[in-house]
Q: 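Starting off with a structure, shown below.
When a residue number appears, it is its place in the shown sequence, counting from 1.
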Amino acid sequence: MDMTTLGDTGLLDTLQHEVAVFARRAEQTRLGGVGQVRNSMDRAAYLLLNRLDKEGPMGVKALAASMGIDSSTVTRQVAPLVDTGLVKRTSHPEDGRAVVLQLSPRGLARLDEVRSSRRQLMAELTQGWTPEERETFCALLTRFNTGLSARMSTQGGAGPDETPSAS
């Protein structure tokens, strides 16, 4: 359905503009948090580490599928995480030829540090909000991201890695 026929043209123009501004500001700051941790972990690394923490050790293909991206992208993005000791590559327990990616203790500590910093930033940005406003914003942003993810996955773009369950 063409939403502009509903008389929402001005509102939709404002929405698309605010989403564009949000995307630019989020990318500029990486919503990295506060203090020394600010801007210290890129989005791809954060999403990969978060996924491994939430879902546990898995192979490259499984990780790629759960994030809605290709295996080659995961391989490229995880290489520096392995090099810096945030992710460990181990042999699959049932098939020694297969590689399993696992969050290392150092990776978990780093992820916890970044999460804490980002949580503090979210608290600061929403300081004057009521708990209900925070819940409403979170619910609407989750709904928006889910819709965007579904649209992108049907068009071969970004997948579940961009949904809140991974953040």
Side-chain angles (χ1 to χ4, degrees), residues 1-55 58 60-81 86-87 103 107 110-167:
M1 176 195 312
D2 181 3
M3 294 298 291
T4 60
T5 61
L6 299 177
D8 288 338
T9 303
L11 181 60
L12 293 175
D13 284 347
T14 300
L15 178 60
Q16 67 81 22
H17 175 78
E18 291 301 325
V19 168
V21 170
F22 170 78
R24 183 185 68 222
R25 288 186 179 145
E27 191 57 36
Q28 286 172 340
T29 65
R30 295 189 204 146
L31 288 180
V34 296
Q36 292 183 1
V37 181
R38 186 173 183 268
N39 293 334
S40 62
M41 184 179 287
D42 70 38
R43 178 178 41 89
Y46 179 77
L47 292 170
L48 283 166
L49 294 177
N50 198 60
R51 184 65 55 134
L52 288 171
D53 182 44
K54 300 274 188 209
E55 296 184 19
M58 64 181 79
V60 170
K61 287 183 182 180
L63 184 57
S66 75
M67 296 183 71
I69 56 179
D70 3 288
S71 296
S72 62
T73 301
V74 168
T75 300
R76 187 177 64 254
Q77 291 176 349
V78 84
L81 300 176
L86 300 178
V87 171
L103 192 60
R110 185 75 183 101
L111 181 60
D112 286 344
E113 180 182 41
V114 171
R115 280 180 180 156
S116 176
S117 177
R118 289 179 177 195
R119 194 177 305 116
Q120 185 178 345
L121 176 63
M122 294 300 109
E124 287 178 14
L125 292 174
T126 61
Q127 184 176 10
W129 298 18
T130 66
E132 293 77 19
E133 288 172 325
R134 285 179 176 171
E135 288 176 22
T136 298
F137 181 71
C138 190
L140 291 172
L141 189 56
T142 298
R143 186 174 171 188
F144 183 83
N145 281 333
T146 300
L148 187 57
S149 180
R151 177 173 170 74
M152 296 302 293
S153 66
T154 62
Q155 296 177 356
D161 69 323
E162 300 296 332
T163 61
S165 64
S167 55

Q: In the structure I gave you, are the side-chain heavy atoms of Val60 and Val78 within less than 4.5 Å of one another anywhere?
A: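 Sidechains of Val78 and Val60: no contact.
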Q: Nearest 0.5 Å please: distance from the CG atom of Leu12 over to the NE2 atom of His17.
A: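 Spacing of CG (Leu12) from NE2 (His17) equals 14.5 Å.
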Q: How long is the span from the CG atom in Asp53 to the CG atom in Leu48, to the nearest 0.5 Å?
A: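 Here the rounded value is 12.5 Å.
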Q: Who pairs with Asp13 by salt bridge (charged side-chain N to carboxylate O under 4.0 Å, His left out), at least two apart in sequence or on another chain?
A: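 Asp13 satisfies salt bridge (charged side-chain N to carboxylate O under 4.0 Å, His left out) with no residue once adjacent residues are dropped.
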Q: Which heavy atom of Glu133 sits nearest to which heavy atom of Thr130, and what is that distance?
A: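 Residues Glu133 and Thr130, closest heavy atoms: OE1-N, 2.8 Å.
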Q: OG/Ser72 to CD/Gln77 distance, rounded to the nearest 0.5 angstrom?
A: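 If we round to the nearest 0.5 Å, Ser72:OG and Gln77:CD are 9.5 Å apart.
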Q: Does NZ or CZ of Arg118 fall inside the cone over Tyr46's six-membered ring, less than 6.0 Å from its centre and within 45° of the axis?
A: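 Yes; both conditions hold, so Arg118 lies above the ring face of Tyr46.
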Q: Quick check: does any side chain N or O of Glu55 sit under 3.5 Å from a backbone N or O of Leu52, one acting as donor and the other as acceptor?
A: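 Side chain of Glu55 to backbone of Leu52: no pair is present.
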Q: Listed by chain and number, what are the salt bridge (charged side-chain N to carboxylate O under 4.0 Å, His left out) partners of Glu135, not counting sequence neighbours?
A: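 Partners of Glu135 by the salt bridge (charged side-chain N to carboxylate O under 4.0 Å, His left out) criterion come out as none, since no residue qualifies.
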Q: Counting heavy atoms not belonging to Gln16, are there more than 12 under 6.0 Å from its CD?
A: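 Yes - once you tally the heavy atoms of other residues, nucleotides and ligands closer than 6.0 Å, there are more than 12.
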Q: If only atom types and distance count, is the side chain of Ser116 paired as donor or acceptor with the main-chain N or O of Glu113 below 3.5 Å?
A: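 Side chain of Ser116 to backbone of Glu113, a donor-acceptor pair under 3.5 Å: no, none is there.
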Q: Donor-acceptor pair, Ser149 side chain versus Asn145 backbone, under 3.5 Å?
A: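 Not at all, since once roles are kept as given, no pair shorter than 3.5 Å links the two residues.
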Q: Output the distance between atom NZ (Lys54) and atom CG (Leu47), rounded to the nearest 0.5 Å.
A: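 Rounded to the nearest 0.5 Å, the NZ-CG separation comes to 12.0 Å.
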Q: Going from CG on Leu125 to CD on Gln120, what distance comes out if it is rounded to the nearest 0.5 angstrom?
A: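 The CG atom of Leu125 sits 10.5 Å away from the CD atom of Gln120.
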Q: For the pair Asp112 and Arg119, find out whether any cationic side-chain nitrogen is under 4.0 Å from an anionic carboxylate oxygen.
A: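 The answer is no: the pair does not qualify as a salt bridge.
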Q: Find the distance between CZ (Arg143) and SG (Cys138) and round it off to the nearest 0.5 Å.
A: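 Going from CZ on Arg143 over to SG on Cys138, the span is 14.0 Å.
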Q: Does Asp70 have any salt bridge (charged side-chain N to carboxylate O under 4.0 Å, His left out) partners at least two apart in sequence or in another chain, and if so, which?
A: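 Salt bridge (charged side-chain N to carboxylate O under 4.0 Å, His left out) list for Asp70, sorted by chain: empty.
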Q: Are the side chain of Arg51 and the backbone of Ser66 linked by a donor-acceptor contact shorter than 3.5 Å?
A: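 Such a contact is found between Arg51 side chain and Ser66 backbone.
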Q: Which atoms form the tightest heavy-atom contact between Leu49 and Leu81, and what is the distance?
A: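 Closest approach of Leu49 to Leu81, heavy atoms only: CD2-CD1, 4.2 Å.
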Q: Please name all residues satisfying side-chain hydrogen bond (donor to acceptor under 3.5 Å, both in side chains) with Arg134, sequence neighbours left out, ordered by chain then number.
A: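 Applying side-chain hydrogen bond (donor to acceptor under 3.5 Å, both in side chains) to Arg134 gives Thr126.
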Q: Using the ring-ring contact (aromatic ring centres under 6.0 Å, His included) rule, collect all pairs that involve residues 114-139, keeping only residues at least two apart or in two chains.
A: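 Counting only pairs at least two positions apart or across chains, the ring-ring contact (aromatic ring centres under 6.0 Å, His included) contacts touching residues 114-139 are Trp129-Phe137.
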